Amino acid sequence: MLTEDDLRELIDSAAAHAPAPSPLSDDLFNAEARQPSNTRHRRGRQLTFAAALLVVVGAVAAVIPGDQIPFLEQHFIGGGGSQKSETVAPAMAAATATGTGTAGVAAGGTAARTGASATATPSALAAPDAQNVARTPSRPAAAPAPPILPADSARIVKNGSLELRVGKGTVSESVNRFTALATGFGGYVSETHTTASAESGSQASATVTVRVPSTSFEQLLSDTSKLGEVRSTTTSGRDVTAQFTDIEAQLTALSATRDQFLLVLTQARNIGDILAVQDRLKEVQVQIDQLEGQKRLLTDQSSFGTLSVTLLEPGATAAVTPLDKNRDLGDAWREARRNFSDALGNVVSASGTLAVVFLFGAMILSAAWMIYRRLRRQII
Amino acid sequence: VGVRDRQEDELVARLVGEHDRAYRAAWLVLRDKHLAEEAVQEAFLRVWRFRGSLPAGDAIRPWLYRVVVNTAISSLRHERPRRAHEATGDIDAIGVDDPLDALEQASIVAAALADLPEHLRIPIVLRYWVGLSEREIATAISRRPGTVKSRLHEARTRLSNDLRLAQEEA
């Protein structure tokens, strides 16, 4: 092969034998051409003008009330926000009123959809008649009515805790009444913890955790609150509908895959094929089993709400039972993720118009930058 | 204004100084005197028109040849049909002092170069005629240095074979 020097020499010789070039035109860099590059400046001005125009249009679009611009209303300003507020409002209402009424988690399904939870302060709920408290609206009357959700399609994991002050020496009796209430709704007691009084030897406090069909959760909450003076109440609802639907879809797909493998298995001719198909089949079956386990868990969690009631004698104290003792790392992760997205949503909604203007500005500047780069590339 | 005029004078001087080499580079790519002249003139005009965007210092050279190469390629693509029947090129009328074998050799090399596909011819010209480094060629043709290296290697191999065959035929 030619060495680099040989090649350089050969190409030099070829280039040297090229016809001599005509001298460079004197007019090429004449006085007129020395003037500032009008084209470039004009193009720059055009770009600047276009970018400024777009910024202005974007800013105007952002500050115009959302209902006047359906698109913005739907996608940027009003739509998402108003929908969310409709959802949040009942959620808050539910969370604050749960202690007491059917309105509690009843408002329902919606409260759960946002995963909202709240704790009512004792002062707010220390009314003598819990029924009255239940009927007291905890949000302004002008607030929009909660949207009606299809009850059968939503899968909500409901949890709640209630702290009640009962009469001296009546803790045991209240426990029995509460247990009877829960079992009457088709529920069952999952955990009980009692503390004896040092003086009388009777129960000073008791914490009973029951699981009750979700459809009766609110009613049980309401009825239980009548057993004594409500000190505090906490409820939460977690919407697992999407997760549930996703699992079902995956199960459908995997089942179809399994059927296909089974079909292939019946047609396999040699040992190698059979073993290969069996391996794949096993993998699919393991995935199906795992998903079915998750589905059963979600079904159980959403079918039965968990209510933990703490009954206290006057003067007794008891730690509130954790809302859900069965929380695992997965739950914690999901909760953290949900909290993160909620916080992000809050930041976005709080930043309001400014965020929209910023977003528009960023988009426009990006577009202008790309156009500039493209134009600049054209010169070479 | 004074600084700008000085910079413009420097640019003009650089372009004038680079004209012959740029023209011959374009000629090696195009093998057509007029097309090469037009390509270089067009390239210089573009450089002049966008003189405000030029890179500073020595970085201007690969940039300049990037423009030259692009205009040459553009010319090549537009003029290809016309050039098809002028493919013999136009090795200049040789001076009386030139030995005949030098002319023959130049013709053979030019023909071998012309036979190379465009993506191999341009790196070879930029490397061995213009004298750009592989990295500068990469900048000039907007490819990675590794790509340039492999193209140069392939081009060298093909040129060696073509020239050997031509020599054997001769």
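This structure is a prediction, so every number in the text was calculated from the model and none was measured. Within every chain, numbering begins at 1; the chains are lettered A, B, ... in the order of the sequence lines, protein sequences first and strands thereafter.
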S.K.: Select, from B:Leu113, B:Leu15, B:Val68, the one with the greatest count of heavy-atom pairs under 4.5 Å involving chain A.
M.R.: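 Between B:Leu113, B:Leu15, B:Val68, the count favours B:Leu15.
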S.K.: With only heavy atoms counted, which part of A:Glu9 is less than 4.5 Å from chain B, the side chain, the backbone, both or neither?
M.R.: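 Contact with chain B: none, neither part.
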S.K.: What part of B:Val16 gets within 4.5 angstrom of chain A, counting heavy atoms only: side chain, backbone, both, or neither?
M.R.: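 The answer is both parts of B:Val16.
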S.K.: Can you see whether B:Thr71 engages B:Glu42 through a side-chain donor-acceptor pair at a distance of less than 3.5 angstrom?
M.R.: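 Side-chain D/A pair, B:Thr71 to B:Glu42: absent.
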S.K.: Heavy-atom cut-off 4.5 Å, strictly under: side chain, backbone, both or neither for B:Leu11 against chain A?
M.R.: neither
S.K.: Are B:Leu152 and B:Leu120 close enough that some pair of their side-chain heavy atoms sits under 4.5 Å apart?
M.R.: no
S.K.: If you count heavy-atom pairs within less than 4.5 Å of chain A, which of B:Glu37, B:Gln41, B:Arg21, B:Arg164 leads?
M.R.: B:Glu37
S.K.: What pair of heavy atoms forms the shortest contact from A:Phe261 to A:Val277, and how long is it?
M.R.: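 Here A:Phe261 and A:Val277 meet closest at O-CG1, 3.4 Å.
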S.K.: Tell me yes or no: between the side chains of B:Arg66 and B:Ser142, is some donor less than 3.5 Å from an acceptor?
M.R.: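 Judged by distance alone, the side chains do pair up.
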S.K.: Give a yes-or-no answer on whether the side chains of A:Asp5 and A:Thr3 include a donor-acceptor pair shorter than 3.5 Å.
M.R.: no
S.K.: Counting heavy-atom pairs under 4.5 Å with chain A, which one of B:Ala112, B:Gly131, B:Ser160, B:Ala43 comes out on top?
M.R.: B:Ser160
